[in-house]
Amino acid sequence: MALLTRENGHARLDLPPLEKVPTHVAIIMDGNGRWARQRGLPRSEGHRQGTENLRHIIRAAVEFGVSIMTIYAFSTENWSRPRREVRLLMRILEMMIDRELQELYDEGVQIRHIGELNGIESRLARKVRDACDYTRGNQRLILNVAFNYGGRDEIVHAVQRIVRDGIPAHAITEATISDYVYTSDLPDPDLIIRTSGECRLSNFLIWQGAYSEIYTTETYWPAFDREEFHKALAAYGKRRRRFGRTDEQIDAEYRLPGQA
Ligand code: FPP
């Protein structure tokens with residue numbers, strides 16, 4: 001059941017409580033270009049609206065009680081886009097830091113970066129580092145911004161550091177790799193959302209996403225609003241996560257003490 005309420009003069013759907021909120025949600029924000037094309041607008045307008053939408057979804061994540069959100073803002077493959085678009089995406093990140101940092105800080109958001117800052121223009125790289133330092137003490141929502149990020153690249157870097165640290169082959173386990181990826185101190189994503197109807201991971205969190213639930217929607221990212229986000233979290237609440245076990249084992253786990 002959804003009720004219509006008013007907040008700051010705007011109509012707003014009041015949403016039912018969620019049965020189970022995922023701790024870590026990762027999002028592939030896809031479809032900015034198609035959203036713009038559908039409206040006869042330039043791709044840049046799609047990215048602008050996508051950025052605006054990201055502001056709302058970050059706030060919705062705080063509202064719904066998500067603890068960690070990882071967003072795919074710029075992949076290692078995105079360098080092959082037209083130079084103008086690459087420059088625009090860099091500028092968007094810089095603008096977001098300039099305009100949103102204080103508000104995000106005030107809302108308790110801790111900003112982290114995952115990916116390589118090497119190769120990013122030094123002024124932007126410094127801004128990213130400063131934003132991470134500034135918000136380091138915040139605990140309400142950890143926002144991992146995957147920028148110049150690639151999952152394979154991440155694994156290559158992890159392996160290089162493992163070798164550099166002199167860890168012998170026989171001592172390397174899955175836990176070792178998990179300790180060396182960018183998200184080493186965080187739980188793996190429970191839910192990966194991809195907008196715009198594509199059903200691929202596209203090199204996003206390929207190590208961490210091994211057991212993530214995946215939710216896809218036809219909606220383009222700029223139109224993926226608070227209600228759609230809530231729908232994705234509600235769908236997650238209905239999934240049974242088995243982690244390789246059988247349904248019977250899961251049932252036994254959920255059986256109350258004393259029940260046969
Ligand atoms: C994919 O849509 C989107 C991106 C490559 C960029 C995502 C960026 C934002 C949502 C803006 C926020 C950005 C930062 C840097 C914080 P697409 O352009 O591939 O869309 P298409 O597949 O329809 O062409």
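One-based numbering, in listed order, for ligands and for the atoms of each.
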- Message: Judged on heavy-atom distance to atom 6 (C) of ligand 1, which of G33, S202, A73, A146 sits nearest?
- Response: A73
- Message: Which residues pass the salt bridge (Lys or Arg N to Asp or Glu O under 4.0 Å) test with R164, not counting sequence neighbours?
- Response: none
- Task: Determine whether any heavy atom of R43 lies closer than 4.0 Å to an atom of ligand 1.
- Result: yes
- Query: For Y220 and S196, which heavy atoms make the closest approach, and how far apart are they?
  - Reply: CD2-CB, 3.6 Å
- Task: Identify, by atom number and element, the atoms of ligand 1 in contact range of M96, meaning under 4.0 Å from any of its heavy atoms.
- Result: 16 (C)
- Note on the structure: Going by the 4.0 angstrom heavy-atom rule, the piece of N78 near ligand 1 is side chain
- Hey, what do you get for CD (E154) to CD (Q208), rounding to the nearest 0.5 Å? 4.5 Å
- Task: State, with a plain yes or no, whether a side-chain heavy atom of V25 is found less than 4.5 Å away from one of L233.
- Result: yes
- Any non-hydrogen atom of W221 lying under 4.0 Å from ligand 1? yes
- Note on the structure: Closest to atom 10 (C) of ligand 1 (heavy atoms only, candidates L54, I27, I92, N32) is N32
- Query: Are R81 and ligand 1 in contact, using a heavy-atom cut-off of under 4.0 Å?
  - Reply: yes
- Which protein non-hydrogen atom lies closest to atom 22 (O) of ligand 1, naming both residue and atom, and how far is it? R34 NH2, 3.0 Å
- Task: For E107 and R55, run salt bridge (charged side-chain N to carboxylate O under 4.0 Å, His left out): C-alpha distance rounded to whole Å, both residues' side-chain angles, the deciding distance at 0.1 Å, then the answer.
- Result: CA-CA 12 Å; E107 287 187 20; R55 298 179 58 228; over 6 Å; no
- Query: Do D165 and Y180 meet the criterion of a side-chain donor-acceptor pair at a distance under 3.5 Å?
  - Reply: yes
- Is there a heavy atom in F147 that sits closer than 4.0 Å to ligand 1? yes
- Nearest to atom 3 (C) of ligand 1, what protein heavy atom do you find, and at what distance? M29 O, 3.1 Å
